[in-house]
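First up is the structure itself, then whatever we jot down about it.
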Amino acid sequence: MTMQLDTRAQTLLKALVERYIADGQPVGSRALSKISGLDLSPATIRNIMADLEELGYVASPHTSAGRVPTPRGYRIFVDTLLTVQHLDEQSVEGRMRLQAPQPQKMISNAAQMLSSLSQFAGVVLSPRRESVFQQIEFLRLGEKRILLVIVGPTGDVQNRLLLTDVDYSPAQLVQSANYINQNYGGLAFDEVHMRLQNEVRQLRDDMGRLMQAAVEAGSEAMADNSDDMVIAGERNLLSVSDLSSNMTSLRQMFDMFEQKTGLMQLLDVSSKASGVQIYIGGESSLVPMDEMSVVTAPYTANGKIVGTLGVIGPTRMAYERVIPIVDITAKLLSNALSHN
């Protein structure tokens with residue numbers, strides 16, 4: 001795509017996109033001659049702009065002699081013309097406070113910081129829970145009521161209430177938990193379920209029933225994905241006129257936040273790519289609105305990609321600022337989760 005543009009055309013397109021991002025107004029040839037730094041006549045600039053329009057990189061709004069970038073123009077800008085700002089990782093880290101006792105709290109903090117630093121919406125797709133557990137505990141709450149505590153491989157904790165037919169003693173609960181942890185810790189609940197069916201026949205019936213109930217509850221707990229995505233700062237987008245200028249746009253935007261499905265699909269796709277990815281509305285079918293862009297990056301735990309985070313904002317955003325914000329946040333969250 002860039003092979004079609006010579007250096008002058010690239011310089012003018014870069015100047016046009018930067019000016020349009022800055023003030024939101026169509027950019028005319030006269031303004032371009034001043035800001036581009038090129039020694040070209042207005043006629044030459046108009047000819048180059050006409051070529052850029054023909055190639056689909058810029059468009060002319062009906063009411064103006066100036067031009068605005070198209071999704072294709074934004075794409076070439078972010079892929080080849082953008083100069084990303086240097087962001088000091090330590091100063092960002094100082095504001096982030098990603099260290100927290102629970103991975104889910106770190107993820108929530110990361111979404112808040114993405115929103116705060118970008119002034120748009122921050123989103124984090126939580127690690128997809130595997131049904132693997134590190135250990136379990138039983139706590140007796142009362143007669144025939146037991147709290148099942150499940151500790152996952154990354155240290156996250158889930159609780160489930162078990163209502164039992166038998167009143168188990170604290171010693172029986174410790175014995176059952178020890179048996180499961182020693183024999184099955186580090187396995188998936190589904191696998192444990194299969195093994196238990198064969199092995200619990202050798203155990204006393206009551207204990208076997210308790211273990212089966214714990215494994216079933218554990219499977220359900222791990223399958224529960226109600227907190228798979230954390231979004232912060234949606235309200236920031238209400239003050240972005242490009243996104244909230246009409247009721248249709250507003251409805252689309254809040255449908256996206258309410259349904260989450262499309263957004264989860266986009267974040268899931270971007271987790272399979274390496275580094276920062278930019279999805280531009282009007283170009284990517286994964287973005288529900290033409291006026292919206294999503295900048296994402298995957299994050300890891302102990303070297304393995306476990307989720308994705310990003311910033312949702314207008315197509316007319318300062319990409320040179322947002323890209324390093326997303327990149328550094330992904331690195332910091334990866335470090336925090338890996339050392340947790």
Output the distance between atom [atom1] ([X]) and atom [atom2] ([Y]), rounded to the nearest 0.5 Å.
X	Y	atom1	atom2	answer
Met113	Met106	CE	CE	15.0 Å
Leu52	Gln10	CG	CD	10.0 Å
Ser285	Leu266	OG	CG	9.0 Å
Arg19	Ser36	CZ	OG	10.5 Å
Leu12	Ile48	CG	CD1	5.0 Å
Ile146	Thr164	CD1	OG1	4.5 Å

Please step through side chain to side chain contact (heavy atoms under 4.5 Å, CB included) for the pair Leu148 and Ile136, ending with a clear verdict. CA-CA 7 Å; Leu148 169 65; Ile136 67 159; 4.0 Å; yes
Would you mind telling me which of Thr70, Asp290, Val78 makes a side chain to side chain contact (heavy atoms under 4.5 Å, CB included) with Ile280?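 Running side chain to side chain contact (heavy atoms under 4.5 Å, CB included) over Thr70, Asp290, Val78 with Ile280 returns exactly one hit, Val78.
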Test side chain to side chain contact (heavy atoms under 4.5 Å, CB included), reference Gln252, set Met289, Met292, Met247, output is Met289
Start with the C-alpha gap between Leu32 and Leu16, add the side-chain angles, then the distance that decides, and say whether side chain to side chain contact (heavy atoms under 4.5 Å, CB included) holds. CA-CA 7 Å; Leu32 279 173; Leu16 181 141; 3.9 Å; yes
Hphob cluster co-occupancy, Val123 + Phe257, side-chain heavy atoms under 4.5 angstrom: yes
Using a 4.5 Å cut-off on heavy atoms from C-beta on, say whether the side chain of [Y] contacts that of [X].
X	Y	answer
Gln212	His193	yes
Gln135	Glu137	yes
Met317	Val295	yes
Val27	Val68	no
Ser176	Met211	yes
Ile21	Phe77	yes
Val326	Leu114	yes

Backbone N or O of [Y] within a donor-acceptor pair of the [X] side chain at under 3.5 Å?
X	Y	answer
Thr80	Ile76	yes
Ser284	Gly281	no
Thr44	Leu40	no

Any donor-acceptor pair under 3.5 Å linking the side-chain atoms of Glu320 with those of Thr83?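 Result is no, nothing qualifies.
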Side chains of Ser249 and Asn246, donor plus acceptor under 3.5 Å: yes
Please list, chain by chain and in numerical order, all residues satisfying side chain to side chain contact (heavy atoms under 4.5 Å, CB included) with Val174, sequence neighbours excluded.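 Side chain to side chain contact (heavy atoms under 4.5 Å, CB included) list for Val174, sorted by chain: Asn178.
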Quick one: which residue pairs count as a side-chain hydrogen bond (donor to acceptor under 3.5 Å, both in side chains) with a foot in residues 305-319, not counting sequence neighbours? Asp242-Arg316, Ser293-Tyr319
Does the distance from a Lys or Arg side-chain N to an Asp or Glu carboxylate O, for Lys331 and Asp327, drop under 4.0 Å? yes
Any carboxylate oxygen within less than 4.0 angstrom of a Lys/Arg side-chain nitrogen, looking at Arg72 and Glu283?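 A salt bridge is absent here (no side-chain N lies under 4.0 Å from a carboxylate O).
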Could you walk me through whether Leu163 and Lys144 pass the side chain to side chain contact (heavy atoms under 4.5 Å, CB included) test, one step at a time? CA-CA 6 Å; Leu163 302 174; Lys144 300 181 182 178; over 6 Å; no
Output side-chain donor-acceptor pairs under 3.5 Å for residues 231-240, partner residues at least two apart or in another chain, one line each.
from: Asn236; atom 1: ND2; to: Ser115; atom 2: OG; distance (Å): 3.1
from: Asn236; atom 1: ND2; to: Phe120; atom 2: O; distance (Å): 2.9
from: Ser239; atom 1: OG; to: Asn236; atom 2: O; distance (Å): 2.7

Could you tell me how the ring of Phe189 sits relative to the ring of Phe133: parallel (under 30°), tilted (30 to 60°) or perpendicular (over 60°)? parallel
